[in-house]
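A short write-up of the structure that comes next.
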Amino acid sequence: MSYENILNENKDGICYITINRPKQLNALNGATILELNKAITKANNDNSIRCIILTGSEAKAFVAGADIKEFAAFDKKDGENLARQGQKLLFDLLENATTPSIAAINGFALGGGLELAMACHIRIASDNAKMGLPEVSLGVIPGYGGTQRLAHLVGKGKAMEMITTAGMLSAEEAQQWGLVNHVCSQDELIPMAEKIASKIKHNSPKAISKAIKAVNAGFTDGINGFEVEISEFGSCFETPEFIEGTTAFMEKRKANF
Ligand code: CAA
């Protein structure tokens with residue numbers, strides 16, 4: 001499949017998706033969101049893909065936000081549509097994908113860019129990265145899930161400060177705040193993501209997908225995460241991967257999933 005706004009390559013069980021609108025600092029316009037939807041859906045339906053790595057092509061930007069030029073003339077209804085469609089097509093899709101994703105944040109991750117990284121399951125950042133939700137400086141609020149996911153990740157108090165000040169965190173501060181798991185040099189960013197992906201690749205994809213579902217359930221209104229965990233735990237026992245995992249343990253060998 002050919003794309004105009006993203007680069008997409010599969011190698012050794014990893015799907016690499018690179019947002020590629022360098023002149024606009026990889027801002028997310030509607031077309032890019034649709035392409036990301038296609039690439040993520042495809043990777044998620046492909047059993048040979050065990051991890052998705054998402055990054056930005058422009059040396060100084062992961063994604064500088066939703067495309068401001070595209071929504072500058074919107075009214076209330078258009079605004080609601082943009083947020084609802086975007087959340088459904090990309091951000092919720094990514095968070096609920098059964099294939100784990102790693103955001104490799106290589107520069108500015110602002111507004112929709114940080115929201116995209118927060119919808120991934122794991123975040124790592126290079127030491128030049130800057131992260132923030134500057135929407136209130138434009139007279140809007142985060143619309144791609146930022147008010148919710150930021151508070152989940154860093155706590156309500158810190159989320160309130162980041163959102164109301166429209167300030168940016170350095171990579172180091174983001175790590176201290178629990179927003180990213182690891183910080184490294186720019187050169188080490190993709191190798192570090194690959195190192196995490198290679199650990200993921202050794203484990204049961206079915207069990208990983210059930211674990212993602214159970215963790216996400218705890219952050220979903222009206223759903224009891226413990227109950228989802230019990231049910232997903234039980235359903236593991238009818239998978240061939242459970243038989244392989246436990247048999248391999250008993251036979252003192254590595255499981256082959
Ligand atoms: N949308 C559209 N275009 C953008 C953009 C965005 N979010 N961010 C950067 N660009 C464009 C700039 O307009 C500029 O294009 P032109 O050369 O055609 O003018 C180009 O990318 C380079 O940007 P700058 O010249 O501004 O680069 P800089 O190094 O001086 O500054 C920056 C970098 C601090 C990231 C600055 O570009 C910036 O503040 N960008 C906007 C960040 C922002 O507010 N993001 C939130 C968007 S709103 C949102 O995301 C809503 C939502 O939740 C749904």
Side-chain angles (χ1 to χ4, degrees), residues 3-7 17-37 40 54-95 103-120 123 125-154 156 158-174 179-180 186 189:
Y3 298 107
E4 279 179 21
N5 303 288
I6 63 171
L7 308 171
I17 301 176
T18 306
I19 297 124
N20 187 34
R21 296 184 75 215
K23 287 191 185 139
Q24 308 300 317
L25 301 187
N26 298 331
L28 293 177
N29 61 355
T32 307
I33 288 182
L34 283 178
E35 290 186 8
L36 286 166
N37 169 283
I40 292 161
L54 210 67
T55 194
S57 64
E58 153 63 35
K60 69 175 183 186
F62 172 71
V63 169
D67 192 317
I68 300 166
K69 290 157 196 162
E70 212 174 54
F71 66 67
F74 275 14
D75 63 15
K76 178 174 184 274
K77 197 159 160 259
D78 297 331
E80 269 186 29
N81 256 342
L82 180 89
R84 196 179 305 284
Q85 281 298 102
Q87 290 195 17
K88 185 170 147 223
L89 287 172
L90 178 55
F91 300 81
D92 295 351
L93 174 79
L94 197 51
E95 181 169 55
I105 306 170
N106 57 303
F108 287 113
L110 300 175
L114 181 57
E115 290 171 302
L116 183 64
M118 292 194 294
C120 288
R123 280 155 297 286
S126 53
D127 49 19
N128 63 316
K130 292 246 185 287
M131 283 155 263
L133 293 180
E135 283 88 342
V136 297
S137 71
L138 297 164
V140 289
I141 68 166
Y144 287 151
T147 60
Q148 306 304 299
R149 290 194 182 96
L150 184 62
H152 289 161
L153 286 167
V154 304
K156 186 176 168 186
K158 287 183 175 131
M160 286 292 193
E161 182 177 336
M162 265 181 85
I163 292 168
T164 57
T165 61
M168 287 188 213
L169 297 182
S170 67
E172 202 183 311
E173 287 166 328
L179 186 52
V180 301
Q186 286 172 266
L189 186 65

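For ligands, and for the atoms within them, numbers begin at 1 and follow the listed sequence.
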Hey, is K130 one of the residues with a heavy atom under 4.0 angstrom from ligand 1? no
For a 4.5 angstrom cut-off between non-hydrogen side-chain atoms, does I33 reach N37? no
Listed pairs under 3.5 Å, donor-acceptor, residues 128-141 side chains, sequence neighbours left out:
residue : atom : partner : partner atom : Å
N128    : OD1  : S126    : OG           : 2.5
N128    : ND2  : N106    : O            : 3.1
S137    : OG   : P134    : O            : 2.6

So between A83, G139, A66, whose heavy atom ends up nearest atom 49 (C) of ligand 1? A66
If you scan protein heavy atoms around atom 1 (N) of ligand 1, the nearest is I68 N, 2.9 Å
Protein residue, atom and distance nearest to atom 8 (N) of ligand 1, heavy-atom basis: A64 CB, 3.5 Å
Which residue and non-hydrogen atom of the protein lie closest to atom 52 (C) of ligand 1, and at what distance in Å? E135 OE2, 3.5 Å
Of the protein's non-hydrogen atoms, which lies at the shortest distance from atom 16 (P) of ligand 1, and what is that distance? K69 NZ, 3.9 Å
At the 4.0 Å heavy-atom cut-off, does G146 count as touching ligand 1? no
Can you find a protein heavy atom under 4.0 Å from atom 39 (O) of ligand 1? no
When you measure from atom 28 (P) of ligand 1 to every protein heavy atom, which one gives the shortest distance, and what is it? K60 NZ, 3.8 Å
Filter on side-chain hydrogen bond (donor to acceptor under 3.5 Å, both in side chains), then keep only pairs touching residues 70-92, sequence neighbours left out; what's left? D92-R149
Of all the heavy atoms in L138, does at least one lie under 4.0 Å from an atom in ligand 1? yes
among protein heavy atoms, the one nearest atom 20 (C) of ligand 1 is K23 O, 3.3 Å
protein heavy-atom neighbour closest to atom 4 (C) of ligand 1 works out as Q24 O, 3.8 Å
Looking only at heavy atoms, the pair that brings L82 and F71 closest together is CD2-CD2, 4.0 Å
Please state which protein non-hydrogen atom is closest to atom 37 (O) of ligand 1 and give its distance, to 0.1 Å? L25 CD1, 3.7 Å
Using a strict 4.0 Å cut-off to heavy atoms of G111, name the atoms of ligand 1 that fall inside it. 46 (C), 50 (O)
Taking only heavy atoms of L110 into account, list the atoms of ligand 1 that are under 4.0 Å away from them. 35 (C), 42 (C)
Does the protein come close to atom 13 (O) of ligand 1 - that is, does one of its heavy atoms sit below 4.0 Å from that atom? yes
